[in-house]
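Reading through the structure tokens given below for one structure.
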2 protein chains.
Amino acid sequence: METPQDLTVAERIRSRFDELTRAERQLANAIMDNYPVSGLGSITVIADASDVSTPTVVRMAKKLGFRGFPDLQAELRAEVEATISNPISKHNRWAGNAPDTHILNRFADSVMENMRQTLRQIDPEEFNAVAKLLSDHSRGIHVVGGRITHSLADYFFTHMQMVRDNLTLVAANSNVWPHYVLNMKADDVLVIFDIRRYERDIQHLAEMAKSQGVTLVVFTDQWGSPAAKHATHSFHSRIEVPSAWDSAVVPLFIIEAMIAAVQDLSWVETEDRMKSLEELLDQTRMFRKFK
Amino acid sequence: METPQDLTVAERIRSRFDELTRAERQLANAIMDNYPVSGLGSITVIADASDVSTPTVVRMAKKLGFRGFPDLQAELRAEVEATISNPISKHNRWAGNAPDTHILNRFADSVMENMRQTLRQIDPEEFNAVAKLLSDHSRGIHVVGGRITHSLADYFFTHMQMVRDNLTLVAANSNVWPHYVLNMKADDVLVIFDIRRYERDIQHLAEMAKSQGVTLVVFTDQWGSPAAKHATHSFHSRIEVPSAWDSAVVPLFIIEAMIAAVQDLSWVETEDRMKSLEELLDQTRMFRKFK
DNA sequence: TTTGATTAGAAACTATTATTTCAGAAACCA
DNA sequence: TGGTTTCTGAAATAATAGTTTCTAATCAAA
């Protein structure tokens, strides 16, 4: 009689407990105790813990239908994974009318996974610290991006402009960067956007700024821009998607959350800025009122 | 400098990520991927999974303050145990260390909900139709954005440039827009980015272009830019988040998916473009090779 | 381009883990 | 009680995991 392959270790033990010998039962009980983590160590550890010899462990593993102890352990790991990993939304389609294989759905899957992973790695304390740093109006803020990332830098700059003054968008053309560095003061902050492929010039800019005492905040990807090495704070986003290019969705998410956080911290001042801005826009009749 | 003993593996990786080398980062990411189960197998397995040699694994373990790989793994097991034995465990939280009320978590909730709602409403057929339209190299493509959305227009333009030629980014300054309209031909496509607050000038531009026989594609929000009324195709993204401003995350998502779709449709031509681009970039030594 | 420093993996090596063998102990049975 | 079977772990062995060493490759600086 062969033990079916898709049963958990616990189920196999339970269903065949009668057939186990004294030493094996001792072992089985030790495994069920604090299951399944107790079985994740080496064969020696679990044998010692249940006061049996290692051959007993091997014998029982085989009795339960495994090829050996490592085989049993692999099953345990799979179970742990199933328990821990969050199955929500794994198999519900995003765009309901499109097949799973449609680019929209595949893209959505990756982006969601990127979000999850990125957020798991972010240190909220660091996030708060940067928000505080950026809401310090006495410090000048300089923003720079690379070939691809200048759109992000631009987006960040446009919004931060509404929240605070003393803000500079460093021009995209790296030839003129040294001029910008000259204008950076010791307590200023340089916000760098750099995802692969990392640009040498950005690294140099970071080094120059650092040597002037400027605080560096880097938004980069999971592999980390070289500029992040010099940074006081850095945020690493997952950016891989089923495409020839990388995704800026998660970085943008972090940026927006950061803007919101800074906004919260400097609400009093912002309120005035916002009002002035509204009036200004109304006067120029450039925008329509909505709602 | 010694790494404190009571930190999780994830925390150690996060805090010392900058000090890790290329291969080590690759490994670190593989461990964070499906953490912590991914690190529960043998050193060989995790090394293979992250495309790194086993010595690299040992080196990183030591760098993180462990005595060796088994030591690191023991810590992982302890973490699994802690996670499992605490079933409430915050799996609904995005940023695990932050409270539910932290801006990161509230923001993540909204953005996810925005994604779901937006995707539910998108017609895949329309998406495909636009992808086809944009991959028709005989049509000129013009891209325009407003005060806030010009970053999106810019992002779209930068990527589309790599996919195809015959592409124009309409300057942000609306004074010069009439000139651009003059250059639009009857079969051209005008891609408009406009989310609230909608800009009058964009509506005018849309009308002018339309009257010349130009096909309009509008990326807007759930309420719909006035320009969308004239559009052949429009995409409505949800943009509300707990912030004083709107979120461009979902629009960006759609844009990226669209770029990927266009890329797929015009792969043959793109391949050449990509190669030329790579060479160009390598020549100018502006970018670092990665991997 | 050369030089020196850093990095990474192949290979050799060591340590540990897993399996098998086997002999003694325990249980069972007539 | 003696014979038989079953069980168990010590020890030997095999397999695999983990570590170290060392050289080639890579990269930055001169």
Side-chain angles (χ1 to χ4, degrees), chain A residues 16-31 39-77 196-208 210-211 223-227 229-230, chain B residues 16-31 39-77 282 285-291:
Chain A
R16 311 189 55 175
F17 195 80
D18 310 337
E19 303 168 36
L20 301 182
T21 66
R22 195 218 83 233
E24 285 167 351
R25 291 182 188 202
Q26 223 169 290
L27 169 62
N29 282 319
I31 290 179
L40 253 33
S42 76
I43 194 172
T44 325
V45 170
I46 184 63
D48 283 357
S50 36
D51 255 315
V52 289
S53 65
T54 58
T56 301
V57 181
V58 176
R59 277 191 291 262
M60 191 179 79
K62 291 186 172 169
K63 222 175 200 175
L64 296 178
F66 295 102
R67 284 181 8 210
F69 178 71
D71 193 22
L72 179 151
Q73 206 173 45
E75 167 61 26
L76 281 181
R77 272 199 295 274
R196 72 172 183 192
R197 312 159 59 158
Y198 317 115
E199 296 169 31
R200 275 176 203 280
D201 291 340
I202 286 199
Q203 191 185 351
H204 292 150
L205 175 66
E207 284 161 5
M208 283 191 289
K210 178 90 177 283
S211 69
W223 303 284
S225 153
K229 287 205 173 72
H230 309 288
Chain B
R16 314 191 52 177
F17 193 80
D18 297 339
E19 301 166 39
L20 301 181
T21 66
R22 196 218 84 228
E24 286 166 350
R25 290 180 186 202
Q26 226 166 288
L27 169 63
N29 281 313
I31 291 178
L40 254 33
S42 75
I43 193 172
T44 324
V45 170
I46 184 64
D48 282 356
S50 34
D51 253 314
V52 156
S53 66
T54 56
T56 300
V57 180
V58 176
R59 276 190 291 259
M60 191 179 80
K62 291 186 172 168
K63 222 176 197 174
L64 295 179
F66 296 101
R67 283 180 11 207
F69 179 72
D71 193 22
L72 179 152
Q73 204 172 44
E75 167 61 27
L76 280 182
R77 272 198 296 274
D282 282 349
R285 305 189 73 226
M286 199 170 149
F287 299 95
R288 276 203 189 171
K289 280 255 179 175
F290 180 81
K291 215 184 174 185

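The chains referred to below are lettered A, B, ... by the order of the sequence lines, with proteins before strands, and numbering in each begins at 1.
Side chain of B:Ala23, nearest nucleotide from D:dG18, C:dT17, C:dG9: C:dG9. You'll find that the side chain of A:Ile43 is closest to C:dA18, out of D:dT19, D:dA11, C:dA18. Nearest nucleotide to the A:Val58 side chain, out of D:dG9, C:dT19, C:dA8: C:dT19. When distances are taken from the side chain of B:Arg22 to each of C:dA8, D:dG9, C:dA18, the shortest belongs to C:dA8. For B:Thr21, the side-chain atoms get nearest to C:dA8 when compared with the rest of D:dA28, C:dA8, C:dT20. Considering only side-chain atoms of A:Phe69, the nucleotide from C:dT20, D:dT19, C:dT19 that sits closest is C:dT19.
Distances shown here put a side-chain N or O of B:Lys62 below 4.0 Å from the OP1 or OP2 atom of D:dT20. One finds a side-chain N or O of B:Thr44 lying less than 4.0 angstrom from the OP1 or OP2 phosphate oxygen of D:dA17.
Within the 4.0 angstrom heavy-atom criterion, only backbone atoms of the sugar-phosphate kind lie near B:Ser42; the bases stay farther away.
With hydrogens and angles disregarded, no donor-acceptor distance shorter than 3.5 Å links the side chain of B:Gln26 to the backbone of B:Thr21.
Nearest heavy atom pair, residue A:Arg25 against residue A:Leu20, reads NE-O, 3.0 Å.
Residues B:Glu24 and B:Lys63 are paired through a salt bridge, judged by an N-O separation under 4.0 Å between the basic side chain and the carboxylate.
Atom CH2 of A:Trp223 and atom P of C:dT7 are 20 Å apart (whole Å). In this structure, A:Asp71 atom CG and C:dT17 atom C1' are separated by 16 Å, rounded to whole Å. For the pair A:Arg25 CZ and D:dT8 P, the interatomic distance rounds to 10 Å; values are reported in whole Å. Between A:Asp51 atom CG and D:dG9 atom C1' there is a gap of 12 Å when expressed in whole angstrom units. What separates CE of A:Met60 from P of C:dT19 is a distance of 13 Å, to the nearest Å. Separating the CG atom of B:Leu27 from the C1' atom of C:dA8 is a distance of 13 Å, rounded to the nearest angstrom. For the pair B:Ile46 CD1 and C:dG9 C1', the interatomic distance rounds to 17 Å; values are reported in whole Å. In this structure, B:Arg67 atom CZ and C:dA15 atom P are separated by 14 Å, rounded to whole Å.
Distance check, rounded to the nearest 0.5 Å: OG of A:Ser225 to CD of A:Gln203 gives 7.0 Å. In this structure, B:Leu27 CG and B:Thr56 OG1 are separated by 7.5 Å, a value rounded to the nearest 0.5 Å.
Nearest-nucleotide assignment on DNA chain D puts the 5′-proximal partner with B:Gln73, out of B:Arg59 and B:Gln73. Toward the 5' end of DNA chain C, the nearer of the two residues B:Glu24 and B:Thr54, judged by each one's closest nucleotide, is B:Glu24.
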